[in-house]
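Letters A, B, ... are given to chains in the order of the sequence lines, protein chains preceding strands, and every chain is numbered from 1. Hydrogens, waters and symmetry mates are skipped; everything else that's a heavy atom, side chains included, is used.
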Number of protein chains: 2
Amino acid sequence: MSVVRSQGYDGASLAQLSKASGLGKSSLYHHFPEGKDDMVAAVLDHLETTLDATVFAPLRAPGPPATRIKRMNGSLLVFYREGREACLLASLGIGDSSRRFHPRVKQLFRRWIEAIAHALRDGGVPRGQAQLRAEEAIVRIEGSLVLARSLDDPAIFQRALKSLPELLAS
Amino acid sequence: MSVVRSQGYDGASLAQLSKASGLGKSSLYHHFPEGKDDMVAAVLDHLETTLDATVFAPLRAPGPPATRIKRMNGSLLVFYREGREACLLASLGIGDSSRRFHPRVKQLFRRWIEAIAHALRDGGVPRGQAQLRAEEAIVRIEGSLVLARSLDDPAIFQRALKSLPELLAS
DNA sequence: GGTATATTGTACCGATCGTTCTGACGCCCA
DNA sequence: TGGGCGTCAGAACGATCGGTACAATATACC
């Protein structure tokens with residue numbers, strides 16, 4: 001998982017994936033007969049599962065929207081190692097080789113936005129407003145990950161997360 | 001220029017750089033004797049020159065801060081083709097192969113933040129506030145580029161730019 | 001223990017990678 | 001005209017890429 005998001009699709013060689021997974025190349029090909037694409041798809045599957053469990057589900061659970069946002073924030077802090085990790089979805093947007101994953105990347109971002117918007121609507125925010133604010137939240141998350149890593153300053157990510165409750169308040 | 005930012009460092013092959021520049025490989029090596037790194041450094045030089053001329057200088061020019069922000073926005077719309085292009089600085093943050101450019105990426109982001117903060121301070125915003133807001137502006141720019149491209153929706157980038165004047169108002 | 005299946009190691013493949021080298025060509029100037 | 005220099009094409013290089021094939025090893029079950 002970590003290799004693809006930090007190296008991108010093109011930078012993630014089979015040798016690196018092998019090393020990171022602890023499996024030899026032949027084992028990797030055995031488990032993923034379609035090769036590298038299978039492996040990256042599995043990484044995406046894993047991301048989706050994680051986001052479903054730790055971000056989307058809490059956002060869709062009953063309870064005050066502020067609590068839900070807070071839970072999302074907690075998950076993101078862990079998942080992005082407080083701003084020190086890149087976002088796999090963004091990494092997969094670099095280069096033509098990873099183009100086949102674009103529909104899934106798109107879908108995941110959409111689901112994320114929709115989950116945030118859902119929480120906002122539950123709190124009384126009208127549909128259009130909820131959508132725009134949810135989108136803005138993802139913009140801040142993604143942008144702050146880029147900047148935090150570029151400036152070696154994870155606090156930037158943490159500040160962005162801290163700004164979300166107010167942005168997403170009813 | 002376009003190849004490295006859209007493909008990233010690892011995805012930008014010499015064949016692609018050759019094609020994009022209209023120079024054969026031997027010509028490329030003639031002009032850039034240190035190889036791929038020279039070429040990417042030249043791309044970064046060009047970015048720096050462009051940002052200096054079209055973004056940093058307008059932000060540092062005399063005049064109302066709002067006007068300066070507006071001019072930056074105009075430049076960014078053109079430079080990022082209204083949200084359809086990736087940011088080179090972000091692309092160079094993916095993968096270990098491009099690590100040698102990290103200091104320059106960092107420096108450019110810093111200068112950008114500082115240029116925005118400078119405009120804010122000229123408008124009477126206290127130093128600490130100016131810094132945080134400038135950083136937030138870059139977060140929005142970078143994040144909206146990631147999301148606009150991932151969702152095939154350049155309007156997201158445009159919306160983020162449109163939000164900057166208010167964020168950066170005195 | 002024997003058999004079937006899963007897992008893994010290793011060698012090899014063709015393609016592409018970034019790079020180097022050499023020679024050809026064109027232009028300019030004395 | 002000849003020489004120097006810049007530019008470029010094309011071949012070749014060693015390394016790495018993603019992938020394949022086959023044999024060896026490990027595991028599970030009867």
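As a whole-Å value, the separation of A:Glu34 CD from D:dG18 C1' is 13 Å. Summarising the geometry, the separation between CG on A:Leu28 and P on D:dG18 is reported as 11 Å, rounded to the nearest angstrom. Rounded to an integer number of Å, the gap from OH of A:Tyr29 to P of D:dG19 is 4 Å. Spacing between atom NZ of B:Lys25 and atom C1' of D:dC13 amounts to 11 Å, rounded to whole angstrom units. Distance, B:Phe32 CZ to D:dC8 P: 11 Å, rounded to whole Å. Residue A:Leu14 contributes atom CG, which lies 6 Å from atom P of D:dG19 at whole-angstrom precision.
Comment: B:Arg159 does not engage A:Glu136 in a salt bridge, judged by the lack of any side-chain N to carboxylate O separation of less than 4.0 angstrom. Between A:Arg60 and A:Asp122, no side-chain nitrogen of the basic residue sits less than 4.0 Å from a carboxylate oxygen of the acidic one, so the salt-bridge criterion is not met. Look at A:Glu48 and A:Arg104 and you find a salt bridge, because one of the NZ, NE, NH1 or NH2 atoms lies within 4.0 Å of a carboxylate O, short of that distance. Look at B:Glu85 and B:Arg149 and you find no salt bridge, because none of the NZ, NE, NH1 or NH2 atoms lies under 4.0 Å from a carboxylate O. At a threshold of 4.0 Å, the pair B:Arg110-B:Glu114 does not count as salt-bridged, since none of the basic side-chain nitrogens sits closer than that to a carboxylate oxygen.
OP1 or OP2 of D:dC8 has at least one side-chain nitrogen or oxygen of B:Ser27 nearer than 4.0 Å. When the side-chain nitrogen and oxygen atoms of B:His30 are compared with OP1 and OP2 of D:dC8, none of them lie within a distance under 4.0 Å. Taking 4.0 angstrom as the limit, B:His31 places a side-chain polar atom (N or O) nearer than this to OP1 or OP2 of D:dC8.
Among all heavy-atom pairs drawn from B:Glu34 and B:Asp38, the shortest one is N-OD2, 3.0 Å.
In this structure, of D:dA21, D:dC17, D:dG19, it is D:dA21 that holds the atom nearest to the side chain of A:Ser26.
First and last contacting nucleotides of DNA chain C toward chain A (any atom under 4.0 angstrom from a heavy atom, 5' to 3' order): C:dT7 to C:dT10.
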